[in-house]
Amino acid sequence: MAMATSTFSPPASQLALRRQPGAAGRYHLLSFPRLRAAAGEAPVEAPSKPLPSPAASNGAAVKAKEPEPAPLPRFRDSRWVNGTWDLKQFDKGGAVDWDAVIDAEARRRKWLEDCPEATSPDEAVVFDTSIIPWWAWMKRFHLPEAEKLNGRAAMIGFFMAYFVDSLTGVGLVDQMGNFFCKTLLFVAVAGVLLVRKNEDIETVKKLIDETTFYDKQWQATWQDEPKN
Amino acid sequence: MTSLSSSAAAARATFMPSSCRSRPAGGGRMARLVTRAAASSPKLPSGRRLRVAVVGGGPAGGAAAEALAKGGVETVLIERKLDNCKPCGGAIPLCMVSEFDLPLDLIDRKVRKMKMISPSNVAVDIGGTLAPHEYIGMVRREVLDAYLRSRAEGAGAQVVNGLFLRYEAPKEPNGSYVVHYNHYDSSSGKAGGEKRTFEVDAIVGADGANSRVAKDMGAGDYEYAIAFQERVKIPDDKMKYYEERAEMYVGDDVSPDFYGWVFPKCDHVAVGTGTVTHKPDIKKFQAATRLRAKDRIEGGKIIRVEAHPIPEHPRPKRVAGRVTLVGDAAGYVTKCSGEGIYFAAKSGLMCAEAIVAGSANGTRMVEESDLRKYLAEFDRLYWPTYKVLDVLQKVFYRSNAAREAFVEMCADDYVQKMTFDSYLYKRVVPGNPLDDIKLAVNTIGSLVRATALRREMEKVTL
C-alpha cells in the first residue's frame, strides 16, 4: 500500500483457511482454483500481529513500516458471475435449486465476514436476496420451526385438556366455552411462540427497556424542572 | 420566582410544566407553548441591555451569537481557536443552506450519489430519487465556522479569542454570572494569555462535546462515540470517482455500532469510522475501512489524522439557572447517521430567539423558564427525527445480518425518497399509507432473510 505514513494493522479476525478434505457433495464440485492451489502448498495463513499499543501509534509519529501481510485470497466461485449468482448454474432438473443458492450465499457471506475484501467498482456486488422466492425460504426455514412449535403446542394442549378434565370434570368441548380456559389457551399459544428458551424472557425484558431508554435520556432535563 | 408581583404573574407566558413532564415526548404532543415576553421579569437596571456570553464559536455559537446580536442583546462570543479545523464529516442538509442563508461558495462539494456497502460488499447506489436541485453539501468546518462568526460580528456581537475557564453563579436571584477566561492577544506578547473576567446575565454553552460550561453547571455526562478520520489526498483520476459521491461502509469489521465512511472534501477525501462500545479498537476499524476502500484510495497520502468524540444522547441536564447548552455541548447528535452540524446551528438559533423573546429584545432579565422554552420547542420539533433514527440504529446496526438487510432495503426507491426527504428537510413525513405497509413488509422480509442466512452461515465451516 502506498500510504507511507500510515500504520497498517491487518484485521485481527482473519482465520487460517482450511479446506475440508471430505467436504459435502455440493462444495467439491465448485472450482476454487486459487484456494485449491493454496491448500495444495500450505494453508494460507495471514500473519496475525499483535496490535500496536495506542500510545505507540498515535498520529504520524510512527514511521516504522511493518512487513506487508501476504495478500488474502479473494472470494472466488465459478457460479458467482459479475457480482451475482448465475442462476443458470444452479439448475436441478429444469428448475433452479434455491437451496443451493441459499447455501452458496451463506458461504460467501461467511467468507467475507472472516476476510473482508476491498470493494471495486468493476466487480460490484449486486446480489439481492429477494430474488429467491418466498416459498423457498418458507420450506427451508419456517416449516421445520413451525412443525416443532406446533408439536409443542399440541402436546401442551392435550396435557392441559386432560389435566383440567381430571380436576374439574369439565370435558374438552365445555372447556372451550369457558372464558378463563380460552384465556389460558391464548397464553399457552403466545408462550410457545415467544418463549423458546429460558433466555427469551430476559431478551423480552431487555427489549422493552431498550425501546424506552432513548426517550428517558431525552426526558432527563425535564425531571428536575423547578415548579413554577 | 419569588420576587414577582401577583398582577405581573398573570401576564406570564403560558408554560405548562405538568403536561410536559407527564407525557412522553415521543408522541410529539408537547404542550403548546406561547412565548410571550415575560412581562413579569424585572426590567434591567439603568436601562442597560441584557448581556449574554456565548462560549464556543462553532456553528451553534455562531448562529446563537448572530441571532442574539440581531435581537438587541449585548453578546460576547468566546472562541479559543479562531482557525480551528474541527474534525468532522462536514455534511450539511439542504435546509441548512436555506434556513441560514449560507452562500453557495461555502460548499466545497455537492454530493448527489451515495454508495452503501454491506458487510459482504453488496453495493447499493442511493440518490437516484434526488431532484436536480437537491444535494448534501460538504463543507470545511474552518470555513463554515469562520463565516458564521463573521456574520455574528457583523450583527454586533463581540468576538473574543480566549479560552473559557469557568463561571461563577450569581449570589442573588437577579445577579450576574462572572465568566473567567484566558484572553489571547498576539499583540500583548503573553504566550498563555492573560486571565480576565467579565459579567453577564446569561451564558449559552456552545463549546462542543467536551464542554466546560456543561461541567461547571453539573449537566451530567453522556455516552459518546469516538469518530476517527484520516484525510487522504488521492490522485486526480481516483478523485473523479468521488466527485459527487460519498460512500458508507457497514460491517462488524468496520465498526460494531457505527459505520465507516469515505467523504469527499475540497481536494481530498476523508476516510473514517467510529464506535461507541469498542473505542480501544478504533485503529483496527480504521484499517478495515481502508481495506474495504483500498482500490479506490490506493496511492493516496494521509495528510491529517484526527479524532473527536460525538455525543450519543442529550446530557441529563441542559439548563441550570440562566445557563443553557446548545449543539454538541447539549448532545444534539442524531443516532444512526451521527449528524450534528445542522442541529447545533438550529439549537443555537432557537436558544437565542428564546432569549430575545424572553427579554423583550434585551430590555428585561431572562429566567430559566425562558431557556426551558427553547428546550421544549427544540424537543417538540425534532423529537420525531431523533426517535426514528434511534429506532433505525437499534434495528439495523445490531449485527451483520441486520446490516445486510439495511443495505438491501436501501435499494428500494421509496426508502431512498423517504430517507432523503427526512434528511434534507428535517421533517418526518408519513407518506402514502399503502407504500408504508409495503415498506414494512419488505423490511420484515429483508430482516428475516438476512437472519435466516445468518443461521446458515453459522453452520458453514470454510
Side-chain angles (χ1 to χ4, degrees), chain A residues 1-13 15 17-20 51-52 54 57 59-60 102-103 105-114 116-121 124-130 132 134 137 140-141 210-211 214-215 217-228, chain B residues 15 17 20-21 24-26 117 119-123 220 230 232 241 251-253 280 283-284 287-288 290-295 298-302 305 313-319 368-369 372 375 379 383 386-387 390 394 400 404 408 411 445-446 448-450 452-453 456-457 460-462:
Chain A
M1 297 191 51
M3 291 193 254
T5 56
S6 67
T7 45
F8 183 79
S9 31
S13 62
L15 300 180
L17 295 166
R18 301 177 306 271
R19 177 142 183 276
Q20 292 195 311
L51 291 170
S57 56
I102 292 176
D103 283 330
E105 178 63 12
R107 194 168 181 290
R108 184 188 78 88
R109 288 192 182 187
K110 177 90 179 142
W111 183 301
L112 283 172
E113 191 174 82
D114 292 338
E117 268 175 28
T119 57
S120 70
V125 174
V126 291
F127 178 67
D128 187 337
T129 55
S130 56
I132 303 172
W134 64 273
W137 296 98
R140 174 85 176 249
F141 296 106
E210 226 182 77
T211 41
Y214 195 54
D215 312 38
Q217 287 172 330
W218 272 80
Q219 286 286 62
T221 202
W222 300 103
Q223 299 306 327
D224 53 34
E225 201 189 317
K227 284 190 160 50
N228 285 332
Chain B
F15 183 68
C20 284
R21 210 179 300 132
I117 296 153
S120 67
N121 284 343
V122 177
E230 284 164 348
V232 182
Y241 174 80
D252 271 334
D253 55 326
K283 291 280 174 73
K284 197 172 72 153
R290 260 189 278 138
L291 170 68
R292 296 261 229 124
K294 185 166 92 143
D295 291 343
E298 192 128 39
K301 202 168 85 71
I302 298 182
V305 179
H313 62 86
R315 290 191 195 262
K317 224 163 95 150
R318 285 178 269 159
V319 67
E368 183 174 323
S369 56
R372 282 195 179 268
L375 288 181
D379 285 2
W383 169 247
Y386 281 95
K387 185 62 184 171
D390 176 53
K394 284 204 175 81
N400 268 354
E404 295 278 355
E408 219 174 76
S446 277
V448 164
R449 289 195 296 264
L453 271 172
E456 275 310 299
M457 278 164 69
V460 170
T461 33
L462 287 168

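Both backbone and side-chain heavy atoms feed into the values below; hydrogens, waters and symmetry mates do not. Sequence lines set the chain letters: A, B, ... in the order given, protein chains first and strands last, and positions in each chain run from 1.
With chain A as the partner, the residue from Arg449(B), Arg292(B), His313(B) showing the most heavy-atom pairs under 4.5 Å is Arg449(B). Taking Thr129(A), Ile102(A), Leu112(A) one by one and counting their heavy-atom pairs under 4.5 Å with chain B, the maximum is reached by Thr129(A). Counting heavy-atom pairs closer than 4.5 Å to chain A, the top-ranked of the candidates Leu375(B), Val319(B), Asp252(B) is Leu375(B). The most heavy-atom pairs under 4.5 Å with chain B, out of Thr211(A), Asp128(A), Val125(A), Ile132(A), come from Val125(A).
Exactly one residue among Arg108(A), Glu105(A), Glu113(A) makes a side chain to side chain donor-acceptor pair (under 3.5 Å) with Ser120(B). That residue is Arg108(A).
For Phe141(A), the part sitting under 4.5 Å from any heavy atom of chain B is the side chain, from C-beta outward, and nothing else. Contact annotation for Lys394(B): only side-chain heavy atoms (C-beta onward) come within less than 4.5 Å of a heavy atom of chain A. Contacts of Leu453(B) with chain A are made by both backbone and side-chain atoms, with heavy-atom separations under 4.5 Å. Only the backbone of Pro119(B) has a heavy atom closer than 4.5 Å to any heavy atom of chain A.
Using modelled atom types, no side-chain atom of Arg107(A) and backbone atom of Val460(B) make a donor-acceptor pair closer than 3.5 Å. Thr221(A) places a side-chain N or O within donor-acceptor distance of the main-chain N or O of Arg318(B), the cut-off being under 3.5 Å.
For the atom pair CG (Asp215(A)) and NZ (Lys387(B)), the distance works out to 4.0 Å, reported to the nearest 0.5 Å.
The side chain to side chain contact (heavy atoms under 4.5 Å, CB included) search around Ala411(B) returns Val124(B), not counting sequence neighbours. By the side chain to side chain contact (heavy atoms under 4.5 Å, CB included) test, Ala124(A) is found to be paired with no residue, residues two or more places apart in sequence or in another chain being considered.
Residue Ala118(A) comes nearest to Lys294(B) through the heavy atom pair CB-CB, 3.7 Å, listed as atom of the first residue, atom of the second, then distance. In this structure, Lys110(A) and Met457(B) approach most closely via the heavy-atom pair CD-O, 3.3 Å.
Taking 4.0 Å as the cut-off between side-chain N and carboxylate O, Arg109(A) and Glu404(B) count as a salt-bridged pair.
Under the 3.5 Å distance criterion, with hydrogens and angles disregarded, no donor-acceptor pair is assigned to the side chains of Asn121(B) and Glu117(A).
The aromatic rings of Trp218(A) and Tyr386(B) lie tilted to each other, with the angle between the two planes from 30° to 60°.
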